[in-house]
Amino acid sequence: MGYDEVYAKWQLNPEKFWMEAAEGIDWFKKPSRAFFEDENTPNWFKDSSVNCCWNAVDRHVEAGNGDRTAILYDSPVTLTKRAISYSELQKKVALLAGGLSSKGVIAGDRVIIYMPMVPEAIEAMLACARLGAIHSVVFGGFASNELATRINDAKPKAIIAGSCGIEGNKVIDYKPLLDGAIEMSVHKPLFCVIHQRDQLKATLIAERDVDWDELKTNSAPVECVPVSGDHPLYILYTSGTTGEPKGVVRPTAGHMVALHWSMSNIFNVKPGDVYWAASDVGWVVGHSYIVYAPLLNGNTTVLFEGKPVGTPDAGTFWRIMEEYKVKTFFTAPTAFRAIKREDPLGKLVSGYDLTHLKALFLAGERADPDTINWASKMLNVPVIDHWWQTETGSPMAANPLGIEQLPIKLGSPSVAMPGWNIQVLDDQGLAVKAGELGAIVVKLPLPPGSATTLWNAPERYTKSYLDTFPGYYETGDSGYIDIDGYIYIMARTDDVINVAGHRLSTGAIEEVLAGHPDIAECAVIGVSDPLKGQLPLGFLCLNTGCNRKHSDIVAEVIGDVRGKIGPVASFKLACVVDRLPKTRSGKILRATMLSIANGKEYKMPATIDDPSILKEISLALSSCGYPIG
Ligand code: COA
Ligand code: AMP
């Protein structure tokens, strides 16, 4: 069956389509049907009883594949390599789950995981899943303040953390960040489990902290706890338009069905194949395609603790592909841009045997044609752009290699996947013609695996995603669909920016800037960057009478953002201006400032209060080096 037939099969009978896909999952109690409508949110396979850890780990051991490698850990930053088989993984996870359970963690409890890219992070996620506890992984590049926000929202019974992360040649001490966050937060976890790394041992707080190894030594393994199909597997916080992150809630059963389906049909991998997603377990790509999807599918997943460049060089990716015979590789375009910048002629590629590699998948940000062309020239395999979001959990649009390789159109993540009825609407909510720009939406109901709600904020879920276009999910992306059904993602319609494949909120950065005592008003935009795609740039208006040196204030706000949001915000650009351009009703003209920064033509907004301000903005931008070139 080709793509058209598979998509039509889903359209004709979604219920049958997903019940068939559900056969790839082991159930304690099979679902009586696929779709259950609960108010606004779809709830798939709700009346089933299931466990995600069983499906990701135990069932492979039970089926006689315990010797197969589950995780290949490769850490050039610690010069460590480890292979963990499915049966070893089962033992480790069952023991850790036993430890958590002995300290009182039960199904439904939340557990925050704040860990670097080590196998123990995957073990921690799976141990929670084994117990039905809801994990919430927090990316290591976030500062205490962000961690505290998540602690207050998720109210975890426990936090599992690493003693340190390693960023290139820097050792990041996690413990002060963790302790600082717990001190700041109103909610306090009952206990913390600390995984001590050799590079930096943390000092434990006697009443609260438990050593990872000791917890396991003193525990007995536990079995998987059956949970209902709609039980939340995890909460993953992602940026919205405000400083308050959105806690995306992932339902267990639908997630497993969708991910399992995607591995054979989109990524074209079979059980036993080596699959590598170079992202971080703190992002959705890490949740779905480092951890759950490859393990659900019985693949070997590569866990890479390093960077595309500098650990030790721009040939690291090729070395790993050769060494582990990687069949399918997934990363963000920015990683390839980083490699291309250091090794434009691809001299380092030629030294490696990449014959096992069959495809490169790119997502997380727009894949620019230059990067796609360079990557296909270097690797000589199909380069597949695919589009999705934290909320969707798996690709909405892709070129489904496992079904059929469709022609590649540069600049497009190809076509809608089964489950996704993707449309483009104008401001009035009317469908636009092929090729016309508009808001990209998905006709409800959303398919299995999509976020069913936001943690503690069901109204925000409705407001953010369902209210603007009744009957549709608003993706927050704008773009168009061509006459062949190829989707083109052009920009965000909200204040979210994409920095090195990381989703950030300009609103959250503005909140930090506004907290500086000398700043009266500010605005942050995402300017184009040749490496990271976008970078946040702040305009600062100072309080009347403030005569401090501008460079001091700029340095302070850069430090504030790093301290309050974290280094991952990559906030290094800010300039002082007298006023911000605004409409007569007081709305800041961010889009106009962005056009100036990106060197794009723009129309003078009819409602602008004072057009002369734009000249000042232009001058301030050029002091930061914009527009580039
Ligand atoms: N813990 C602590 N700090 C972290 C961190 C972590 N897990 N991840 C990133 N940081 C820090 C970095 O050290 C850097 O700090 P610095 O300002 O002191 O240099 C800062 O956060 C910004 O990190 P990053 O955006 O990753 O920039 P970089 O210059 O270190 O690397 C790339 C640039 C392109 C090589 C890198 O972003 C990359 O590999 N991206 C791949 C894309 C990806 O994985 N996307 C995830 C979604 S698919
Ligand atoms: P995140 O939730 O962090 O995965 O970010 C999702 C957002 O990243 C999407 O809404 C898009 O704006 C952007 N994005 C992800 N993949 C792509 C892609 N293939 N092409 C263009 N934009 C993408």
Side-chain angles (χ1 to χ4, degrees), residues 114-117 121 138-143 162 164-174 177 236-240 246 248 277-290 304-311 314 316-317 330-342 361-368 372 384-393 395-398 411-414 440 451 474-479 487-494 496-505 526 529 531-535 558 561-562 565-572:
Y114 188 56
M115 295 187 91
M117 286 286 286
V138 179
F139 178 63
F142 283 122
C164 66
I166 296 148
E167 274 291 297
N169 51 16
K170 288 177 290 186
V171 176
I172 316 278
D173 193 352
Y174 275 23
L177 296 170
L236 180 57
Y237 288 89
T238 189
S239 300
K246 293 169 167 170
V248 165
S279 176
D280 189 288
V281 289
W283 306 116
V284 73
V285 173
H287 279 61
S288 290
Y289 291 106
I290 295 177
F304 170 64
E305 188 182 26
K307 297 254 173 184
V309 293
T311 58
T316 300
F317 275 12
F330 175 167
T331 192
T334 188
F336 268 79
R337 289 196 297 269
I339 297 173
K340 182 175 164 225
R341 195 166 71 164
E342 296 226 340
F361 282 80
L362 297 175
E365 56 174 325
R366 185 165 182 272
D368 51 291
I372 294 191
I384 308 296
D385 181 11
H386 61 307
W387 168 67
W388 53 295
Q389 315 176 301
T390 305
E391 290 83 346
T392 69
M396 289 184 277
S412 167
S414 300
I440 306 186
E474 185 182 7
T475 65
D477 286 323
S478 63
I487 296 159
Y488 292 77
I489 312 297
M490 305 309 287
R492 289 287 303 191
T493 54
D494 54 15
V496 166
I497 58 170
N498 201 311
V499 179
H502 308 138
R503 175 166 157 183
L504 296 171
S505 153
D529 179 73
L531 173 66
K532 297 195 179 185
Q534 284 182 301
L535 277 179
I558 288 174
V561 173
R562 198 178 170 90
I565 295 181
V568 67
S570 295
F571 184 73
K572 295 187 176 160

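All residue numbers in this chain count up from 1 along the given sequence. Each ligand, and each atom within it, is numbered from 1 in the order the structure gives.
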Q) Does atom 11 (C) of ligand 1 have any protein heavy atom closer than 4.0 Å? A) yes

Q. Short N/O distance, under 3.5 Å, between Glu391 and ligand 2?
A. no

Q. Can you tell which of Met117, Lys572, Lys170 gets a heavy atom nearest to atom 15 (O) of ligand 1?
A. Lys170

**Q.** Nearest neighbour in protein (non-hydrogen) for atom 47 (C) of ligand 1
**A.** Gly501 O, 3.5 Å

Q) Between the candidates Pro567, Gly364, Ala338, Cys164, which shows the shortest non-hydrogen contact distance to atom 20 (C) of ligand 1? A) Pro567

(Q) In this structure, does ligand 1 have an atom that sits under 4.0 Å from one of the heavy atoms of Pro308? (A) yes

Q: Using non-hydrogen atoms of the residue, decide whether Arg562 is closer than 4.0 angstrom to ligand 1.
A: yes

(Q) Check this for me - ligand 2, His386, N or O atoms closer than 3.5 angstrom, yes or no? (A) yes

Q) What do you reckon, does Gly364 put a non-hydrogen atom under 4.0 Å from ligand 2? A) yes

Q) Looking at Thr390, which atoms of ligand 2 are within less than 4.0 Å of one of its heavy atoms? A) 1 (P), 2 (O), 3 (O), 4 (O)

Q | The one among Glu167, Arg337, Lys532, Arg503 that brings a heavy atom closest to atom 24 (P) of ligand 1 | A | Lys532

Q. Can you find an N or O of Asn498 that's nearer than 3.5 Å to an N or O of ligand 2?
A. yes

Q: Could you list which atoms of ligand 1 come closer than 4.0 Å to a heavy atom of Ser570?
A: 22 (C), 25 (O)

Q | Note: Glu365-Arg503 ion pair, threshold 4.0 Å (strictly below) | A | no

Q) Considering only protein heavy atoms, which is closest to atom 45 (N) of ligand 1, and at what distance to one decimal place? A) Ala500 O, 3.5 Å

Q: Give the atoms of ligand 1, by number and element, whose distance to some non-hydrogen atom of Val285 is under 4.0 Å.
A: 48 (S)

Q: Establish, yes or no, whether a centroid distance under 6.0 Å links the rings of Trp387 and Tyr488.
A: no

Q) Trp283 near ligand 2, heavy-atom distance under 4.0 Å? A) no

Q) Any N or O on Trp283 sitting closer than 3.5 Å to an N or O of ligand 1? A) no

**Q.** Closest protein heavy atom (residue, atom, distance) for atom 46 (C) of ligand 1
**A.** Ser279 OG, 3.5 Å

